[in-house]
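See below for the structure under consideration.
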Amino acid sequence: MGLSGAEIRSRFLDFFRQRGHKVLPSASLVPSDPTVLLTIAGMLPFKPIFLGQEIAPYPRVTTAQKCVRTNDIENVGKTARHHTFFEMLGNFSFGDYFKVEAISWGWELVTEVFQLPPDRLVVSVFYEDEEAWQIWHDRIGIPAARIQRMGEDNFWASGATGPCGPCSEIYYDFAPDRSGEINLEDDSRFLEVYNLVFMELNRDSEGKLTPLAKQNIDTGMGLERMAQVLQGVPNNYETDLVFPIIQTIEVITGASYHKSNEKIKTNLKVMADHMRAVVHMIGDGITASNVGRGYILRRLLRRVIRYGRLLGVNTPFTTTIADRVIALAVDAYPELQNQQEVIKQELQREEERFCQTLERGEKLLVEVLNRSKKQISGNDAFTLYDTYGFPLELTEEIAAEQGLTIDREGFDRAMTEQQNRSKEAHTEIDLLAGSAWQELSLPSTQFVGYDSLFSVSRVLALGKEGKPVQTVQQNDRVQVVLDQTPFYAESGGQVGDKGEITGAAGKITIDDVQKSGDLFIHFGTVTEGTINEKDVIEAKVLYSDRRRIQAHHSATHLLQAALKKLSIPKSVKQAP
Ligand code: SER
């Protein structure tokens, strides 16, 4: 085996350190740039500098940056080189050196430090970039036949708007003996290992290009790709950066990577890839949810769990893989050390949450697959999403395995209808806080909250969307009546308590409590599992909130008393 991933990383950084670059640690995967959800390239943390909005702390910088891209997630595990999580090695010049140095150093690094034979390399330039062509040809001495002029592919931009510029790439040729024209798009033969972007333009929202104040350099070398080339393995997954994770998955699942068919191999690769992504994402503070980057995390993690189940694992397993991911990455990304427990707790929580609903969901899924001819209806996909926690993309992928598609428009419609329903439900919730509860003839709620912030209680009634129901489940907006409660209900200017109701199979987060006659109505959202009428539950008030509320309440009384003392009686004021 050639150079290890760690050696490639440190040789890259050392090479540029020796050439006046400041080595900076990787930035977080959560970018400060609001136009993207995740850090998708090594240059992203430096975007404000390229745009002239921030002053560069150093004129030359080099980094190994953790990145996550999900734009071509369907290729992950299927091609040799696609990932969601990857490391990008980069050297950056902020208005300092430009094309000559970037190209000369790039070539020196690749051919001398990494010792790739020049006759295995091909370079590309943007077809209008005569200057780059000349540098490669006249200065470096690359034969014209090995310099390819390319179109839009060689114009790099971090997004629809923002800093951009022509780029020049170095490709490794896996099959130099193959005759015929050089076609860099043939990825069975060529692999792009290093991209040099000559960042000198800004694209505005109308697509207009204007020169940036300074000419900059942004480069990116995919660490896993370089490792593939230098370690002589057939794909990025078999490098020392990823394969140990696959080996852990082999132990957990009993599957053997090398003896498996392509489908199982792909599943193992996807699991390893996604686990790298989720570990680093949680490490950078992302938690699973149904929106934004939290949804990306959820989608990746639930895909891993489902693949694990397909390989026959029915007990929680993601934290075991996480240990391996962390051990492999912690030297380069020391922030993982302190986050280890947080990462594992979040994995455990999300895995439990998903497994609870997965079994029921899988039954429905089989039914849906059986009854759907060509397409899964939007409503079915929505039920799987909303009630059973199947990310739409996961249902889509399972459907595709059976040759089915999903009615996406129908799904969007069902989503909008549900959002409208929950808005309407809010109006009904107010109704329920009123006299409607009285019709249920429930015994008065006993308030035990003066002595305690906790009680074991029985659920006497549940309400959802304005109606009494027997059961409530995850994501439902609900009202709960208990036989006894420690929750203070809003009255006398003091707001209701917040806290949690926890049953054997579910949890409700309570965010408001109102009185309806003698009944205390707890308002909340089911955050886990299910809760049923007659369940015995634990009701727990959030202490910190109650303390603050009490303090406010007392302060109000004190203020009132003080004002009374201070106010001048009318008779005095009117006296001559
Ligand atoms: N920004 C360029 C890329 O991502 C080079 O770093 O390829």
Side-chain angles (χ1 to χ4, degrees), residues 8-9 12-13 15-16 21 23-24 26-27 29 31 33 35-51 56 60-72 75 79 81-99 101-103 105-107 109-110 123-126 129 132 148 150-172 184-185 187 190-203 209 212 214-226 228-229 236 277:
I8 299 170
R9 196 191 290 114
F12 183 100
L13 297 175
F15 180 85
F16 285 104
H21 292 64
V23 183
L24 290 182
S26 173
L29 278 171
D33 179 353
T35 64
V36 280
L37 284 174
L38 294 162
T39 298
I40 50 150
M43 58 71 68
L44 204 78
F46 306 119
K47 208 168 140 184
I49 300 177
F50 290 131
L51 289 172
R60 301 174 183 186
V61 158
T62 182
T63 58
Q65 174 65 49
K66 45 192 168 181
C67 301
V68 170
R69 286 185 191 173
T70 52
N71 52 334
D72 33 32
N75 289 328
T79 71
R81 65 189 163 88
H82 279 94
H83 294 290
T84 57
F85 177 89
F86 60 97
E87 288 180 66
M88 191 173 265
L89 305 171
N91 52 292
F92 304 92
S93 153
F94 307 123
D96 188 34
Y97 64 85
F98 200 48
K99 283 185 199 179
E101 294 86 342
I103 291 177
W105 285 336
W107 188 254
L109 174 72
V110 167
V123 301
S124 67
V125 294
F126 184 53
D129 192 353
Q148 299 284 301
M150 306 281 280
E152 289 307 310
D153 269 1
N154 272 44
F155 190 90
W156 200 88
S158 63
T161 61
C164 52
C167 63
S168 183
E169 299 157 324
I170 302 179
Y171 284 78
Y172 185 74
L184 293 179
E185 277 163 21
D187 65 2
F190 293 104
L191 179 68
E192 177 207 327
V193 289
Y194 200 9
N195 184 15
L196 317 174
V197 184
F198 312 123
M199 199 78 101
E200 53 180 338
L201 298 163
N202 181 36
R203 185 155 49 197
L209 294 170
L212 291 168
K214 292 177 177 170
Q215 291 180 314
N216 309 286
I217 290 294
D218 149 35
T219 78
M221 175 182 282
L223 174 60
E224 296 78 1
R225 292 182 181 194
M226 204 56 181
Q228 182 202 333
V229 171
N236 293 359

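Computed from a predicted structure; not experimentally measured. All residue numbers in this chain count up from 1 along the given sequence. For ligands, and for the atoms within them, numbers begin at 1 and follow the listed sequence.
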Tell me whether the centres of the aromatic rings in F94 and F50 are closer together than 6.0 Å.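 Aromatic pair counts; centres sit under 6.0 Å.
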Hey, are the side chains of L89 and M226 touching, using non-hydrogen atoms and a 4.5 Å cut-off?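 No, their side chains stay 4.5 Å or more apart.
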Relative to the ring of F16, is the ring of F12 parallel (under 30°), tilted (30 to 60°) or perpendicular (over 60°)?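 F12 and F16: tilted rings.
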Could you check whether the rings of H21 and W105 sit parallel, tilted or perpendicular, using 30° and 60° as the cut-offs?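 Taking W105 first and then H21, their aromatic rings stand perpendicular (interplane angle over 60°).
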Which residue and non-hydrogen atom of the protein lie closest to atom 1 (N) of ligand 1, and at what distance in Å?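 Protein heavy atom with the smallest distance to atom 1 (N) of ligand 1: D218 OD2, 2.7 Å.
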Note the single closest protein heavy atom to atom 7 (O) of ligand 1, along with its residue, its atom name and the distance in Å.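 Here the nearest protein heavy atom works out to N195 ND2, 3.1 Å.
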Under 4.0 Å from a heavy atom of [X]: which atoms of ligand 1 are those, numbered in the order shown and with their elements?
X	value
M43	1 (N)
A41	4 (O)
V197	2 (C), 5 (C)
R69	4 (O)

So, taking the atom named CE in M199 and the one named CZ in F98, what distance separates them when rounded to the nearest 0.5 Å?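 Going from the CE atom of M199 to the CZ atom of F98 covers 10.5 Å.
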Can a side-chain donor-acceptor contact be found between S124 and E169 if the only test is distance below 3.5 angstrom?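 Yes - a donor-acceptor pair under 3.5 Å links their side chains.
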Is L196 touching ligand 1 with its side chain, its backbone, both, or neither, if touching means heavy atoms under 4.0 Å apart?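 Looking at L196 and ligand 1, no heavy atom falls under 4.0 Å.
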From the options G222, G165, C167, G220, select the one whose nearest heavy atom is closest to atom 5 (C) of ligand 1.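 It is G220 whose heavy atom sits nearest to atom 5 (C) of ligand 1.
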